[in-house]
Amino acid sequence: GQNIDQPTEMTATEGAIVQINCTYQTSGFNGLFWYQQHAGEAPTFLSYNVLDGLEEKGRFSSFLSRSKGYSYLLLKELQMKDSASYLCAVRSNQAGTALIFGKGTTLSVSS
Amino acid sequence: DGGITQSPKYLFRKEGQNVTLSCEQNLNHDAMYWYRQDPGQGLRLIYYSQIVNDFQKGDIAEGYSVSREKKESFPLTVTSAQKNPTAFYLCASSTGSGETQYFGPGTRLLVL
């Protein structure tokens with residue numbers, strides 16, 4: 001089967017750095033995605049990793065280790081607007097190009 | 001403007017009633033998807049379609065049906081067989097290779 005685990009909640013302060021971890025078990029792994037979702041809204045795409053290593057995009061970076069079934073999303077210089085849920089999702093060749101999502105990590109940023 | 005539209009934003013269903021949620025995209029994407037999100041939960045896959053006139057069941061397809069007669073449209077019908085339909089329904093689309101899925105704004109379905 002497939003399983004994706006990420007922490008339920010995290011808290012951090014403005015200007016800090018936070019790392020949100022995601023571990024997964026899946027057969028036929030074919031990519032890992034991170035999405036941001038503000039309350040009541042649709043998810044928005046943040047990053048995509050298919051090879052091992054770090055992908056950097058502005059204040060956000062995502063890392064993947066396929067051998068460990070592990071990824072993290074790194075958020076730097078936190079802002080209040082970064083308070084949201086962060087969803088880790090995996091694509092496997094078991095379901096075409098559809099994604100299997102974890103339950104999400106709710107990040108609260110305080111001043 | 002290219003994007004994905006879903007309508008209506010809110011939908012109310014009476015007991016025993018079938019309702020249809022609309023999803024349209026003008027991104028020229030081959031693949032389209034329907035997910036369901038319950039409070040405090042991640043997204044769960046209902047149905048997906050890689051190409052016109054073809055679709056596959058996801059993890060929670062029971063009580064739902066879809067059609068894909070046109071590339072730009074992928075409507076979802078919530079049938080009376082779905083006993084717990086109250087949720088936030090999200091439609092998404094991607095290119096055939098699926099590097100990035102883009103989501104519509106969602107439809108909230110409530111049962112009266």
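Labels below follow one simple rule: chain letters A, B, ... track the order of the sequence lines, proteins then strands, and each chain is numbered from 1. Basis for what follows: all heavy atoms, side chains included, without hydrogens, waters or symmetry-related copies. Keep in mind the model is a prediction, meaning the values are calculated, not measured.
- Hydrophobic clustering (ILVMFWY, side-chain heavy atoms < 4.5 Å, transitive): B/Val111 and B/Leu76 are in distinct clusters.
- For B/Gln56, no part lies under 4.5 angstrom from a heavy atom of chain A.
- A/Tyr48 is connected to A/Leu51 through a chain of hydrophobic side-chain contacts under 4.5 Å among Ile, Leu, Val, Met, Phe, Trp and Tyr, so both are in one cluster.
- Side-chain contact, A/Gln19 with A/Asn21: a donor N or O sits under 3.5 Å from an acceptor N or O.
- Both A/Met10 and A/Leu46 are members of a single hydrophobic cluster when ILVMFWY side chains are connected at heavy-atom separations under 4.5 Å.
- With a 4.5 angstrom heavy-atom cutoff, A/Ile100 touches chain B only via side-chain atoms.
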Would B/Thr95 and B/His29 count as a side-chain contact (heavy atoms from CB on, under 4.5 Å) here? Give the steps.
CA-CA 5 Å; B/Thr95 60; B/His29 283 168; 3.8 Å; yes
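- When heavy atoms are compared at a cutoff of 4.5 Å, A/Gln37 approaches chain B solely by way of its side chain, counted from C-beta outward.
- Scanning residues 102-111 of chain A against chain B with a 4.5 Å heavy-atom cutoff picks out A/Gly102, A/Lys103, ordered by number.
- Classified by interplanar angle (parallel below 30°, tilted 30° to 60°, perpendicular above 60°), the ring pair B/Tyr89/B/Trp34 is perpendicular.
- Heavy-atom neighbours of chain B within the stretch residues 65-77 of chain A, taken at a separation under 4.5 angstrom, are nonexistent.
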Where do B/Ser7 and B/Thr107 land on the side-chain contact (heavy atoms from CB on, under 4.5 Å) test, with the steps shown first?
CA-CA 7 Å; B/Ser7 62; B/Thr107 293; 6.0 Å; no
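- Within the 4.5 angstrom heavy-atom criterion, only side-chain atoms of B/Leu45, from C-beta onward, approach chain A.
- The salt bridge (charged side-chain N to carboxylate O under 4.0 Å, His left out) search around B/Arg108 returns none, not counting sequence neighbours.
- Within a 6.0 Å sphere centred on CD1 of B/Ile51, heavy atoms belonging to other residues, nucleotides or ligands number 12 at most.
- Residues satisfying the ring pair (Phe, Tyr, Trp, His ring centres under 6.0 Å) test with B/Tyr35, not counting sequence neighbours, are A/Phe101, B/Phe103.
- Chosen from B/Gln50, B/Arg44, B/Gln41, the residue pairing most often with chain A at heavy-atom distances under 4.5 Å is B/Gln50.
- A/Thr97 and B/Tyr48 share no side-chain donor-acceptor pair at under 3.5 Å.
- Follow the hydrophobic side-chain contacts under 4.5 Å out from A/Ile20 and you never reach A/Leu99; the two are in separate clusters.
- In this structure, the portion of B/Gln37 lying under 4.5 Å from any heavy atom of chain A is its side chain and not its backbone.
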